[in-house]
Number of protein chains: 2
Amino acid sequence: MGNETMKIPQATAKRLPLYYRFLNNLHSSGKQRVSSAELSEAVKVDSATIRRDFSYFGALGKKGYGYNVNYLLTFFRNTLDQDELTKVALIGVGNLGTAFLNYNFLKNNNTKIAVAFDVAEEKIGSAVGDIPIFHMNDLEEVIKREKIGVAILTVPSQFAQTITDRLVGADVKGILNFTPARLTVPSSIRVHHIDLAVELQSLVYFLKHYSESEQE
Amino acid sequence: MGNETMKIPQATAKRLPLYYRFLNNLHSSGKQRVSSAELSEAVKVDSATIRRDFSYFGALGKKGYGYNVNYLLTFFRNTLDQDELTKVALIGVGNLGTAFLNYNFLKNNNTKIAVAFDVAEEKIGSAVGDIPIFHMNDLEEVIKREKIGVAILTVPSQFAQTITDRLVGADVKGILNFTPARLTVPSSIRVHHIDLAVELQSLVYFLKHYSESEQE
DNA sequence: ATCAACTTGTGAAGAAAATAACAAAGTTGA
DNA sequence: TCAACTTTGTTATTTTCTTCACAAGTTGAT
């Protein structure tokens, strides 16, 4: 344990951004120290799980004291590579896409939507904030030029696979897929699916079949 | 196994809506039978996992043949209570909220956004499709009158907890939270969090630290 | 100084989920 | 009718994740 080069469990890795954001909140509100119990209350993750998660990175806390917010924050900033800006492309500027364009990922995450694509002529050439909207035809060219490695896919599902193939061709390594389609990609490409209908449906299923809620 | 009243593993329950949708697709395209291997290819879930998932509901397939699409579909329709319409409230008609309003959940899921709420005067009284938009002030009254048990929360995060408290007061049992806030609710209420920034951030983390992708 | 109170980090146990592997049963085509 | 093939359902195994529980270190009040 505590070997920084070792791979962290996936479940832990998924919680890191969450921890990071709440530590930022604490920092902003002037808090100097925090215990795993307090953090647990805030992020709704068992305190033992939090301590275990942190322990993969070594001994970050102090017994009887807790964690120094600043130290932890600095540590995670480095670990999460928050200093290096990650450029993201948004594919499909519909309602969902627009929601992303207006979302300030930069603030906490140092992740920036650098370019967007659509097919609607009236959108092309315009910009949302400082994010220019290109025509889908220019996908490969722009993505390669801007050296973009991550894409958010918010297009109608019937186009999802075709566009995915083009993204893979343009050397994109990660896709956040909001389409109901399940994408086929080479194994070197990572896809995270967020399926809104499935999320809603499974919530409904849990409500009907698991009356006493155990928090997800 | 095969006892319909027993509780299904959570991981399985989360995949059911996905299976259901793909079975619908298969049905629409005229397919009569399907093997776990084929389904696996389509939904990107290991075929053994699919067979295991199905087996919680009994022996739905036939050796050497696979599964009858129609039979499976009918079975899941009943199991997932697809015949009973679930009414949902949407809280916050911004870009993200509007994306939901335009999403036809009814089609596959028999889940319907019945009402929406916002505070912007120009939106109140209007409707998106057949979904009326009410003022946030009328939240409790409308939700109780319409007997709504599920809410989708797409409001600015600073209002999330206050509105959640009101939803709980109006007898909502499940909340799909798109806000970065982690909500505090009584244990009888179920909350599913979908945190867009965390999703994006954790995808970026995986790309940087797990070069050879194991699909999530 | 002393000591009660606090809180971490982790070994051990437990729970949940995924995967492997294969007998049994059914299908298909000759 | 039979042999080759297919595919399930499930048992066993492995992997992953969570939680318990507590020794050991630290704090802070007196």
Side-chain angles (χ1 to χ4, degrees), chain A residues 1-4 6-16 18-19 23 26 31-69 71-72 75 187 202 206 209-210 212 214-216, chain B residues 1-4 6-16 18-19 23 26 31-69 71-72 75 187 202 206 209-210 213-216:
Chain A
M1 300 305 126
N3 176 347
E4 295 75 19
M6 125 191 253
K7 278 194 184 165
I8 301 301
Q10 299 216 4
T12 297
K14 287 191 178 185
R15 284 187 292 263
L16 295 181
L18 187 62
Y19 296 148
L23 288 170
L26 289 177
K31 218 157 179 332
Q32 305 279 329
R33 56 183 269 193
V34 66
S35 67
S36 59
E38 283 175 283
L39 205 47
S40 169
E41 170 61 22
V43 300
K44 314 290 181 196
V45 170
D46 187 274
S47 69
T49 301
I50 293 177
R51 292 200 299 282
R52 168 86 53 204
D53 283 346
F54 286 1
S55 80
Y56 292 116
F57 299 100
L60 303 178
K62 223 188 227 176
K63 300 182 184 191
Y65 174 90
Y67 301 88
N68 179 290
V69 173
Y71 177 76
L72 213 49
F75 184 86
S187 73
S202 81
F206 278 114
H209 297 263
Y210 297 68
E212 284 317 284
E214 320 90 79
Q215 206 72 244
E216 175 203 1
Chain B
M1 302 305 126
N3 177 348
E4 295 75 19
M6 125 189 253
K7 279 193 184 167
I8 301 299
Q10 298 216 3
T12 297
K14 287 190 179 186
R15 283 186 292 264
L16 295 181
L18 186 63
Y19 296 149
L23 287 171
L26 288 177
K31 219 157 178 330
Q32 305 279 331
R33 56 185 270 195
V34 65
S35 68
S36 58
E38 284 175 282
L39 206 47
S40 168
E41 171 61 23
V43 300
K44 314 290 180 196
V45 170
D46 187 273
S47 70
T49 301
I50 293 177
R51 291 199 300 281
R52 160 95 48 220
D53 284 346
F54 287 1
S55 80
Y56 292 116
F57 299 99
L60 304 178
K62 226 188 227 176
K63 300 184 183 192
Y65 175 91
Y67 301 88
N68 179 291
V69 173
Y71 177 77
L72 214 48
F75 183 86
S187 72
S202 80
F206 278 112
H209 297 263
Y210 298 69
S213 147
E214 321 92 80
Q215 207 71 244
E216 174 203 1

For the atom pair CG (B:Leu16) and CZ (B:Phe54), what is the distance rounded to the nearest 0.5 Å?
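B:Leu16 atom CG to B:Phe54 atom CZ measures 8.5 Å (nearest 0.5 Å).
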Nearest 0.5 angstrom please: B:Gln10 CD to A:Phe206 CZ, how far?
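Reported value, rounded in 0.5 Å steps: 4.5 Å.
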For [X] and [N], give me the distance from atom [atom1] to atom [atom2], rounded to whole Å.
X	N	atom1	atom2	value
A:Lys14	C:dA17	NZ	P	13 Å
A:Tyr67	C:dC6	OH	P	17 Å
A:Phe57	C:dT8	CZ	P	17 Å
B:Glu38	D:dT6	CD	P	13 Å
B:Leu39	D:dT8	CG	C1'	14 Å
A:Leu60	C:dT7	CG	C1'	14 Å
A:Leu72	C:dT8	CG	P	11 Å

Using side-chain contact (heavy atoms from CB on, under 4.5 Å) as the criterion, list what pairs up with B:Ser35, not counting sequence neighbours.
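With neighbours one apart ignored, the set is B:Ala37, B:Glu38.
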With heavy atoms under 4.0 Å as the rule, sort B:Phe54 into base, sugar-phosphate or nothing.
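Nothing: the residue B:Phe54, judged by heavy atoms under 4.0 Å, touches no strand.
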Closest contact, heavy atoms only, [X] versus [Y]:
X	Y	result
B:Phe57	B:Asp53	CD1-O, 3.7 Å
A:Tyr67	A:Leu72	CB-CD2, 3.7 Å
A:Ile50	A:Val45	CD1-O, 3.6 Å
B:Val69	B:Leu23	CG1-O, 3.8 Å

Answer yes or no: is there a side-chain heavy-atom contact under 4.5 Å between A:Tyr19 and A:Thr12?
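A:Tyr19 vs A:Thr12: side chains apart.
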Begin from the C-alpha positions of B:Val43 and B:Arg15 and carry the test side chain to side chain contact (heavy atoms under 4.5 Å, CB included) through to its verdict.
CA-CA 9 Å; B:Val43 300; B:Arg15 283 186 292 264; over 6 Å; no
Watson-Crick or G-U wobble mate for C:dA30, both contacts under 3.5 Å:
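In the structure as shown, C:dA30 has D:dT1 as its Watson-Crick or wobble partner.
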Answer yes or no: does a side-chain N or O of A:Ser36 lie under 4.0 Å from OP1 or OP2 of C:dT7?
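Negative; the distance criterion is not met.
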Which atom pairs link the protein and nucleotides 26-30 of chain D when you take only N or O atoms and keep those under 3.5 Å?
{"residue": "D:dT26", "atom": "O4'", "partner": "A:Lys63", "partner atom": "O", "Å": "2.9"}
{"residue": "D:dG28", "atom": "OP1", "partner": "A:Arg33", "partner atom": "NH1", "Å": "3.3"}

Which letters describe nucleotides 14-22 of chain D, given B = protein heavy atom under 4.0 Å from base, S = only from sugar-phosphate, - = neither?
---SSB-B-
